[in-house]
Amino acid sequence: MIVVLRPNVTEDQIGNVVRMVEQLDYRAHIIRGVERTVVACVGEERGEHQLEHLEALAYVERVLPVLRSFKLAAREVRPEGSRINVGGVEIGGRRLTVIAGPCAVESREQVEAAADGVRCAGAHLLRGGAYKPRTSPYAFQGMEAEGLGLLEAAGKRVRLPIVTEIMDPHDIDLFVEHADMLQVGARNAQNFSLLRRLGRIKKPVLLKRGMSTRLEEFLMAAEYILSEGNPNVVLCERGIRTFETATRNTLDLNAVPLLKEWTHLPVIVDPSHGTGIWSLVTPMALAAVAAGADGLLIEVHPNPQAARSDGPQQLKPERFAELMKSVAAVAGAVGRTL
Ligand code: PEP
Ligand code: MN
């Protein structure tokens, strides 16, 4: 259930509602929207009709049920959509956000060259994996803490906040100290202990869709983070596994407008992992923007042929610059900016 408060409600009145909700054995989450403050009540669904009695209060406008299984992620709690601040860069809203950089940090020279390339082309956030989730234990696993340090230094130099993947909840303090946004990769999309742990920090989380998670399951994964108290979640569609093997994954662009209907969380698209083929990245990036995505995640490497992971899908900086020009044109056509 959500309790929608009247526009001029006071802090004391919000506190009263929270207390009454908690007395009914629900957890109360205060969500401050642009026009309305809402108290979302989550818990096992008992005593719903008692919550409805809150409508008798003069400062309560309505008490509404949230029928879907995801409660805090539901569009109803924040109809205008969430905007997530990542080191001063906002995701959500009219302007698109582009996250770009190499699949993995491989050396100082490599990450610095990638940072220059993506900064020059107009990206808003720099990415790079330091702890890599690889299918084979014999493959390059990332530069780990050293890689994180190199990414941080590159981001500082080009003045872009950084995004990087966390795999192990034990590393969380290190990531909180050095990264601006923590990515949960497709392979950990339903690692509930990691998600819960990320719910107890305030740093924004980029949650990627698992390769076989349904959209409802994807939002329930986000709900794990939200329900622990971290409201800063951005969703990323990165392709799902289907019978088709001509591409690495099948980029599910249906997900974009459907998620935008179901949730207030920003939705970005990763056509690099979604296709696995560099020549398909720009066309699918344009399609994603046309479908209503709030941003893109694009892998960019100064020399993709020499990349230690995901070489075939990474763009050279020059091609990324061309992608950005085409994205700006499509953005304009659909009422967005870059
Ligand atoms: C990545 O972003 O480099 C990555 C490993 O992505 P995914 O988890 O979507 O495969
Ligand atoms: Mn990758």
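Nothing here was measured: the structure is a model prediction, and the numbers come from that model. In listed order, ligands and their atoms are each counted from 1.
Listed by number with element, the atoms of ligand 1 under 4.0 angstrom from any heavy atom of Gly185 are 8 (O). When each atom of ligand 1 is checked for a heavy atom of Ala186 under 4.0 Å away, the hits are 7 (P), 8 (O), 9 (O). For ligand 1, the atoms lying closer than 4.0 Å to a non-hydrogen atom of Arg238 are 7 (P), 9 (O), 10 (O).
Judged by distance alone, the side chain of Glu223 and the main-chain N or O of Ala73 form a donor-acceptor pair under 3.5 Å.
For atom 4 (C) of ligand 1, the closest non-hydrogen atom of the protein is His273 NE2, 3.4 Å. Looking only at protein heavy atoms, the nearest one to atom 5 (C) of ligand 1 is Glu165 OE1, 3.6 Å. Looking only at heavy atoms of the protein, atom 6 (O) of ligand 1 is closest to Lys208 NZ, 2.9 Å. Of the protein's non-hydrogen atoms, Arg127 NH1, 2.7 Å is the one closest to atom 2 (O) of ligand 1.
Between Glu61 and Pro7 the shortest side-chain heavy-atom distance falls below 4.5 Å.
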Step-by-step side chain to side chain contact (heavy atoms under 4.5 Å, CB included) determination, Met181 to Arg127:
CA-CA 9 Å; Met181 182 178 223; Arg127 67 149 279 150; over 6 Å; no
Between Leu160 and Val89, does a side chain to side chain contact (heavy atoms under 4.5 Å, CB included) hold up when you go through it step by step?
CA-CA 9 Å; Leu160 292 180; Val89 170; over 6 Å; no
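In terms of N/O distances under 3.5 Å, ligand 1 is not approached by Asp270.
Between Gln183 and ligand 1 there is a heavy-atom distance shorter than 4.0 Å. Under a 4.0 angstrom heavy-atom cut-off, Lys132 registers as being in contact with ligand 1.
Comment: Lys132 does not engage Asp310 in a salt bridge, judged by the lack of any side-chain N to carboxylate O separation of less than 4.0 angstrom.
His273 has its closest N, O or S atom to the Mn ion (ligand 2) at the position named NE2.
Between atom CG of residue Leu259 and atom CG of residue Leu215 there is a gap of 5.0 Å, rounded to the nearest 0.5 Å.
Open room surrounds CZ on Arg214; 12 or fewer heavy atoms of other groups in view lie less than 6.0 Å from it.
Vertex the Mn ion (ligand 2); arms to Glu299 OE2 and Asp310 OD2; angle rounded to 10 degrees, 130°.
For the residue pair Thr250 and Asp252, no side-chain donor N or O sits within less than 3.5 Å of a side-chain acceptor on the partner.
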